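Data block below; observations after.
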Protein chains: 2
Amino acid sequence: MNARETPSSATRVTMIDIARHAGVSKSTVSLVLQASPQVKAETREKVLSSIDKLGYVYNRGAANLRSARSNIVGMVINDLANPFFAELAVGIERVFHAAGYIPFIANTIENPRRQAEVLRSMSEHDIAGLIICPARGTRPADIAALSGLGFPTVLAMRRMGPGFSSVTPDNLRGARRATEHLIALGHRRIAFFGGYADMIAQNDRCGGWRAAMEAADLAIDPGWIIEGPPNRDCGASAIARVLDMDNAPTAALCFNDVVAFGVLSGLERRGLVAGKDFALVGFDDVAEARHTNPPLSTVHVDTASLGERAAHLVLRMIGGDTRPEEFVSDVDLVVRASSGGSIGRGE
Amino acid sequence: MNARETPSSATRVTMIDIARHAGVSKSTVSLVLQASPQVKAETREKVLSSIDKLGYVYNRGAANLRSARSNIVGMVINDLANPFFAELAVGIERVFHAAGYIPFIANTIENPRRQAEVLRSMSEHDIAGLIICPARGTRPADIAALSGLGFPTVLAMRRMGPGFSSVTPDNLRGARRATEHLIALGHRRIAFFGGYADMIAQNDRCGGWRAAMEAADLAIDPGWIIEGPPNRDCGASAIARVLDMDNAPTAALCFNDVVAFGVLSGLERRGLVAGKDFALVGFDDVAEARHTNPPLSTVHVDTASLGERAAHLVLRMIGGDTRPEEFVSDVDLVVRASSGGSIGRGE
DNA sequence: CGAATCTTGTGGAACGTTCCAATAATTTGC
DNA sequence: GCAAATTATTGGAACGTTCCACAAGATTCG
């Protein structure tokens with residue numbers, strides 16, 4: 001039935017078996033598998049057919065050990081359940097796959113200890129390169145230590161200054177434009193929800209918001225800045241908290257879309273509707289943002305291409321060109337219904 | 001400054017270097033690293049300190065080669081951009097990480113050729129086990145071939161009968177209950193959107209819909225079944241197509257939430273609102289479902305625990321207990337606004 | 001036609017571990 | 001205080017590749 005010999009015994013088929021079966025040396029088999037041009041077509045056929053007959057499967061671990069070259073790359077994500085990071089991962093994976101690399105993936109859930117564990121595990125596996133979205137609390141020294149490990153590293157969604165490759169959206173500019181949009185709609189009291197001050201991305205986005213507020217001569221109530229994990233719950237509780245203030249804001253910029261989704265449910269729970277009773281803008285423009293109730297105004301990030309860019313950068317560095325590069329991708333404000341028309345005006 | 005000697009030269013630190021530095025044999029170093037109880041505490045300390053001083057990093061590839069045991073597992077997902085699969089992946093990754101395994105991840109985007117490529121790549125890396133959500137068009141023989149490769153395989157979201165381990169939600173029952181819900185609301189013409197008939201999951205979900213229709217003695221117009229890829233576009237175009245029929249349905253069950261999201265935008269584009277002008281139910285209950293406009297009625301799947309279950313199953317099989325298990329997880333109908341009140345009643 | 005060159009193929013060492021059998025060091029029992 | 005038993009440690013072979021230096025045969029060329 002099956003042309004292949006079923007290897008019922010536990011021993012695996014190796015290059016040596018192929019060599020014996022094809023009547024050549026193991027070196028020749030190796031050459032064939034590396035598609036070396038210096039083996040005669042006829043010999044190649046013989047070897048290939050033996051490989052097929054015996055059901056041989058290449059052992060990349062052994063090859064890697066001997067050649068000191070690996071086709072494994074690492075991908076450290078801090079929140080894979082956030083659609084933004086999932087989209088990013090998809091872009092990265094696509095490029096790596098096309099280039100013949102296969103990624104380890106790890107989800108740190110913003111936990112530095114977990115991050116340290118997976119980084120160690122990945123180095124033990126001798127990865128050729130790494131893309132990492134550093135968990136909150138990662139110190140620059142932690143990243144710097146990676147460079148001693150012998151593989152190129154690209155930071156995603158977090159810059160670390162010259163000397164480190166990174167790929168980020170233009171957080172500051174995006175946040176600033178989103179805030180200006182709210183101001184133009186007449187809002188004077190605008191809040192910022194989500195993220196922690198010790199996260200660089202939060203710093204930039206919050207900084208953009210602050211810059212816009214200051215440029216418009218608007219005072220900032222410290223109570224309008226609600227820190228928290230970048231998830232739905234954070235958004236829901238932030239909006240609840242802020243609406244009870246004396247000096248309640250009439251609009252908010254969120255650290256990201258997921259936080260904004262939480263705000264949406266928080267508003268709904270109080271019978272309020274975004275875009276009418278409260279103006280809301282997110283950040284990232286994940287696919288779901290256009291389907292929310294109401295559709296979410298947000299800062300569009302070209303996520304997939306950001307991921308692809310990161311992957312290409314790693315590949316370039318693996319290729320020997322190790323010059324670091326800091327790539328900042330352009331962003332766009334996408335106005336949908338959640339930032340609304342004209343409430344809060346005239347105040 | 002740094003206690004570690006910076007290995008400026010290209011040669012990596014190996015167990016032999018540690019052995020030399022600690023004044024023991026490489027075997028002893030190996031024993032220490034395997035936490036063998038048969039090495040004296042004092043020796044262990046010596047070795048550990050040398051490891052720390054020289055900045056040694058364990059080479060799992062070499063270990064794996066010699067011991068024929070791997071701590072890599074494979075995870076083949078067909079659409080990581082779908083939040084459902086992302087949630088699934090998170091659950092799986094969590095369990096594997098805790099058990100000391102590290103996953104390769106690959107996104108097949110429903111492409112069998114890509115799937116074949118990644119499976120080959122994973123076998124070449126000698127994975128210890130595999131969880132796969134088979135791409136559309138995967139034949140049972142393709143999966144059966146995997147079992148000859150020497151690692152346990154668990155199917156996720158697709159059964160393949162006894163002999164194969166799998167983990168799936170109760171698709172048939174979920175779809176049936178969702179449809180009964182729509183029927184109870186008075187709908188008589190109910191459509192089914194998304195997926196292809198050659199996908200098992202679609203078969204089951206569509207089958208559940210059909211069963212409920214038949215049980216209620218409702219005729220099915222073949223035009224109500226719109227096949228397509230399980231993504232937003234499919235939902236958007238399906239609703240557009242169906243609303244122009246003579247015999248237009250007043251409600252629809254979608255293959256999954258993402259398709260339902262597309263229907264939501266399709267409806268909006270025509271100025272219709274789900275739950276009022278058309279009743280809509282999704283499947284999966286991804287996190288975003290409660291934030292859509294209007295919130296989506298859907299069949300709740302306990303995704304994370306489904307993923308965890310799959311991972312535990314693989315681990316059990318790696319552990320030597322290779323009895324296959326078909327796990328079917330319970331589902332629940334979650335009624336939100338999109339399935340609405342009472343339109344379409346009375347025909 | 002002999003040397004040089006090119007083409008094709010080869011055997012053995014090496015990669016960094018684990019495993020095994022054997023030895024060395026220590027403790028126990030009487 | 002000596003054999004036996006136990007505990008700690010060790011050297012070398014092995015895992016499945018790639019790499020290197022070399023060799024045998026074919027071809028070119030003046």
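What you see below is based on every heavy atom in this structure, not just the backbone, and it leaves out hydrogens, waters and symmetry mates. Everything numeric in this text was worked out from a predicted model, so none of it was measured. Just so we're on the same page: letters track the sequence lines, and every chain starts at 1.
- Both A/A63 and B/V24 lie near DNA chain D, and the one whose nearest nucleotide falls closer to the 5' end is B/V24.
- Evaluation of atom-type donor-acceptor distances gives no pair under 3.5 Å for the side chain of B/S25 against the base of D/dG11.
- Taking the 5' to 3' direction, DNA chain C first and last meets chain A under 4.0 angstrom from a heavy atom at C/dT8 to C/dG16.
- Judged by distance alone, the side chains of A/S305 and A/D302 do bring a donor and an acceptor atom under 3.5 Å apart.
- Side-chain N/O atoms of B/H125 and A/N71 include a donor and acceptor closer than 3.5 Å.
- Residue contacts for A/S67: at a heavy-atom cut-off of 4.0 Å it reaches the sugar-phosphate backbone alone, with no base atom in range.
- Proximity of B/V95 to B/L315: side-chain heavy atoms (C-beta onward) are separated by under 4.5 Å at one or more points.
- Between B/E42 and B/K46 there is no salt bridge, since no side-chain nitrogen of the basic residue lies less than 4.0 Å from a carboxylate oxygen of the acidic one.
- At the heavy-atom level, A/T14 lies under 4.0 Å from the strands shown only through sugar-phosphate atoms.
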Verdict with supporting geometry, A/I127 and A/Y101, side-chain contact (heavy atoms from CB on, under 4.5 Å)
CA-CA 10 Å; A/I127 53 176; A/Y101 285 81; over 6 Å; no
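- By the 4.0 Å N-to-carboxylate-O rule, A/R309 lies close enough to A/E325 to be salt-bridged with it.
- Look at A/E93 and B/R114 and you find a salt bridge, because one of the NZ, NE, NH1 or NH2 atoms lies within 4.0 Å of a carboxylate O, short of that distance.
- Counting any heavy atom pair closer than 4.0 Å across all strands shown, B/L31 reaches a base atom.
- Within residues 38-45 of chain A, the residues having any heavy atom closer than 4.0 Å to DNA chain C are, in order of number, A/Q38, A/V39, A/K40, A/T43.
- No side-chain donor-acceptor contact under 3.5 Å links A/E117 and A/S121.
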